[in-house]
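Remarks on the structure that follows.
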Amino acid sequence: MDLSKVRNIGISAHIDSGKTTLSERILFYTGRIHKIEEVKGGGDGATMDHMELEQERGITITSAATSVSWGGPHADHIKTPHHINLIDTPGHVDFTIEVERSLRVLDGAVLVLCAVGGVQSQSLTVDRQMRRYNVPRLAFINKMDRTGADAHKVVAMMREKLNTDAVLVQLPIGAGETFSGVIDLVTMKKLTFTGDQGETVEYSDIPADMLDEAKEYRAAMLESMSMYNDEMMELLLSEEEVSEELIHKVIKDAVQNQGFTPVFVGSAFKNKGVQPLLDGVARYLPSPLEREISARKVDDETQKMALKPDPNEPFVGMAFKIVEDPYGQLTFMRIYQGSIKKGEMYINQRTGRKDRFSRIVRMHSDDREEIDEAGAGDIVAIMGIDCASGETYANERDFCTLESMFVPEPVIKVSVNPASRADSDKMGKALQRFRKEDPTFQVYNDEETNETIICGMGELHLDIYIERMRREYKIDIEAGAPKVSYREAPGKAVPFDYKHKKQTGGSGQFAHMKGEMTPIDPEGEELFVFEEHIVGGRIPKQFIPPIEKGMRDSLNKGPLAEYPVVGVKIDLNDGSYHEVDSSERAFYIAAQGCFREILRSSNPMLLEPIMKCELECPEEYQGDVVGDVIRRRGLVGSTDVRDNVSYIIAEVPLAETFGYATDLRSMTKGQGTFTMELLAYRKVPNNVQDEIVAARAKKELAGAK
């Protein structure tokens, strides 16, 4: 396979921007499917939404992978066929890990934006994720057929909110009901899409009434692009014509190196504008050869080794997604270097275990095609190996490891209770599977109540898993009310001088430590910082790690209501020891006692997750919705009315949002929608904190009886 003609891309966006509809059109125009299915509740649903729940709810829950070919007979302008591995990712913030792990292994992305909604909350999250993994992207303004569509306004929002150099490379002809095609500002041609499914692209001259506008936008596009290329700058200054070849070259270089975002427009649902976007993917997004990927050496993590997308180099691949399947585990893998062959053994770099890759498949949504080998730059699935998400595979042991993906902490929890012993066993299997598949889904046992607690990113996230247990495992399950994952943090700096002395027959225990505990920002990268400034051997070096471990192990339960502790910095600067009675164990026990004592005296406070909510409702209900947000202890950040639709951005405590979807629907006669994502952890008001602490004490008392 010619790697220069391979593209590994993802389609990402805010919920309901039309990603899956766009994916469906891409499959149709590339000849992968021969009938277009729509995203809708019930029915067959879109090809990429293959789960029953996805088709019922009309949302994407898991990212689906497929591979298509674009160019040659399908496309007039891309002469050589390009092999595109495509991943359609969910838009709902509760399934953000699916986007995270997909972008971790992709070379490029298409950011889809709604022509009416523009840059929405999840668009900002996706933008952050793309930047985290340095993924170059194109933008596609979808839904140009909707009333109120405005491509120019969306580009202005991208420049302002995403801080990206977004430039239209196409001009829409009309908007809303009058949207009929696009003007390509590179070739200065009018493009219309004809045939039953818009499969024929017709090129013609620009209508006279749009020529001046097209020239104006082309000049603006070239001026923006000239900032990335001196040759183009000189041609523009001397007022010479810029060739198409140079424009394509500059766009490609700027996209891949500088953060330039070319913006395409269209309506996937109305079959307009998809083929030029595919041309853009082939022309401007990088092949595996054009991406720099490095791994860390196992014996020295500070040393980086560059990976070459060469099938003849030693194999290195990353398992980025795990799916349990009726026939065993399915492991999605991106091959960065070397190649794999069916039946060969490869080594998991974390566990050191050898695994035989007995079946290699190329995925098309939930269908699979068996292949005998795959090489660098490919995304395939391996059947039957046992590994976790984010693990690296290579030919030899201790070769290298690839940096894993970012995994956000869960913010909500629910107790789940099976109806019978038989259901309990099945639930254990289901939870084990879900935990393996989804790193943001956590499970633990509450020792006091003996309940199983599941934790996740939001109500919908946990709802989906509970529903999957009922359907896929036929478990009769009862779910408790959702609970918030609070945090505890110190309220002020406290010095400490703590002695631990215990004398029994024989040698006793002695440990003494002095220093200070100070609060740090609980939103920072570090939730616990330990520093020691011991001089003159006041505490021997071998006792310092047990002190740190003792304190770290005490972070699980705080003094207020036994929630995890965050935002603590310990500065250990003095102490003493006993020649006979001091030991690592003595200092470990002392550190735990010391931590509990100083935290109690630091005016500890509860922190709660605050959600950033984006609400949409008809203008006449804005007053009711804003009033309701304020009643829920929310802060309204901004309100904006466009085309009789009110857009409200607010910050609301997670504890006040349970069941909000139902309340909002009844308030707005079924027309209100909202999305939310975690913004920050903030101090709980004193009266609410007192209620939470009292409820916890009551629960403990009931447990003791």
Side-chain angles (χ1 to χ4, degrees), residues 409-411 413 442 444-449 453 455 483-502 509-534 538-577 581-609 681 683-684 689 692-693 696-697 699-700 703-704:
E409 283 292 310
V411 294
K413 50 192 182 185
Q442 295 179 7
Y444 71 92
N445 238 38
D446 188 326
E447 290 166 14
E448 293 165 24
T449 60
I453 308 291
C455 318
K483 299 188 187 80
V484 179
S485 289
Y486 292 100
R487 303 277 188 268
E488 297 187 26
K492 64 175 185 181
V494 181
F496 61 86
D497 182 348
Y498 187 87
K499 243 178 212 169
H500 169 67
K501 274 165 62 172
K502 193 173 180 187
Q509 289 182 0
F510 179 86
H512 176 215
M513 57 193 73
K514 291 171 80 169
E516 186 178 38
M517 178 182 78
T518 49
I520 56 171
D521 177 13
E523 288 306 302
E525 288 294 309
E526 293 287 334
L527 299 178
F528 175 77
V529 175
F530 180 86
E531 290 179 2
E532 58 94 3
H533 302 99
I534 301 291
R538 302 278 296 165
I539 299 176
K541 287 287 178 207
Q542 72 264 29
F543 297 147
I544 305 295
I547 295 175
E548 181 178 355
K549 186 172 187 322
M551 293 206 172
R552 275 192 189 278
D553 289 354
S554 304
L555 293 169
N556 295 335
K557 285 185 176 182
L560 282 174
E562 297 192 347
Y563 289 107
V565 179
V566 295
V568 180
K569 180 184 176 186
I570 298 289
D571 184 1
L572 179 71
N573 52 35
D574 200 2
S576 59
Y577 73 105
D581 291 351
S582 288
S583 64
E584 290 184 6
R585 176 152 181 77
F587 273 95
Y588 175 81
I589 293 166
Q592 290 193 308
C594 173
F595 191 84
R596 280 194 296 272
E597 191 175 281
I598 50 176
L599 203 56
R600 272 198 202 95
S601 57
S602 73
N603 288 353
M605 56 187 180
L606 276 185
L607 305 175
E608 64 179 341
Y681 269 88
K683 187 179 182 318
V684 174
Q689 176 168 315
I692 295 166
V693 172
R696 182 78 196 192
K699 184 180 167 188
E700 279 181 18

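Throughout, residue positions are numbered sequentially from 1 according to the sequence presented.
Proximity of Asn573 to Lys514: side-chain heavy atoms (C-beta onward) are separated by under 4.5 Å at one or more points. Side-chain contact between Tyr563 and Ile692 is present, with at least one heavy-atom pair separated by less than 4.5 Å. At a threshold of 4.5 Å between non-hydrogen side-chain atoms, the residues Ile570 and Met517 count as touching.
Within 6.0 Å of atom NZ in Lys683, more than 12 heavy atoms from other residues, nucleotides or ligands are found, so the atom counts as buried in its surroundings.
When only modelled atom types and interatomic distance are considered, Asp497 and His512 share a side-chain donor-acceptor pair under 3.5 Å.
Smallest separation of non-hydrogen atoms from Tyr444 and Cys455: CE2-SG, 3.7 Å. Nearest heavy atom pair, residue Gly491 against residue Pro519, reads C-CG, 4.1 Å. In terms of heavy atoms, Val565 sits closest to Gly558 at CG2-CA, 3.5 Å. Nearest approach of Pro490 to Val566, heavy atoms of both residues: CD-O, 3.6 Å. What you find for Leu560 and Val693 is that their closest heavy atoms are O-CG1, 3.7 Å. The shortest non-hydrogen separation linking Ala586 to His500 is O-CD2, 3.7 Å.
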Indicate every side-chain donor-acceptor pair of residues 539-551 with a distance under 3.5 Å to a residue at least two apart or in another chain.
residue : atom : partner : partner atom : Å
Lys541  : NZ   : Glu532  : OE2          : 3.4
Glu548  : OE2  : Arg552  : NE           : 3.1
Glu548  : OE2  : Arg552  : NH2          : 3.3
Lys549  : NZ   : Asp553  : OD2          : 2.8

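Separating the OH atom in Tyr577 from the OG atom in Ser582 is a distance of 8.0 Å, to the nearest 0.5 Å. The CG atom of Leu606 sits 4.5 Å away from atom CD of Gln689, with the distance rounded to the nearest 0.5 Å. Between the CZ atom of Phe510 and the NZ atom of Lys499 there is a distance of 5.5 Å, given to the nearest 0.5 Å. Atoms CD1 and CD, from Ile598 and Glu516 in turn, are 9.5 Å apart once rounded to the nearest 0.5 Å. For the atom pair CG (Leu572) and CZ (Phe496), the distance works out to 5.5 Å, reported to the nearest 0.5 Å. With values rounded to the nearest 0.5 angstrom, Met513 atom CE is found 9.5 Å from Ile534 atom CD1.
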Report the C-alpha separation of Tyr681 and Ser485 in whole Å, then their side-chain angles, then the decisive distance to 0.1 Å, and conclude whether the side chain to side chain contact (heavy atoms under 4.5 Å, CB included) test is met.
-> CA-CA 10 Å; Tyr681 269 88; Ser485 289; 4.3 Å; yes
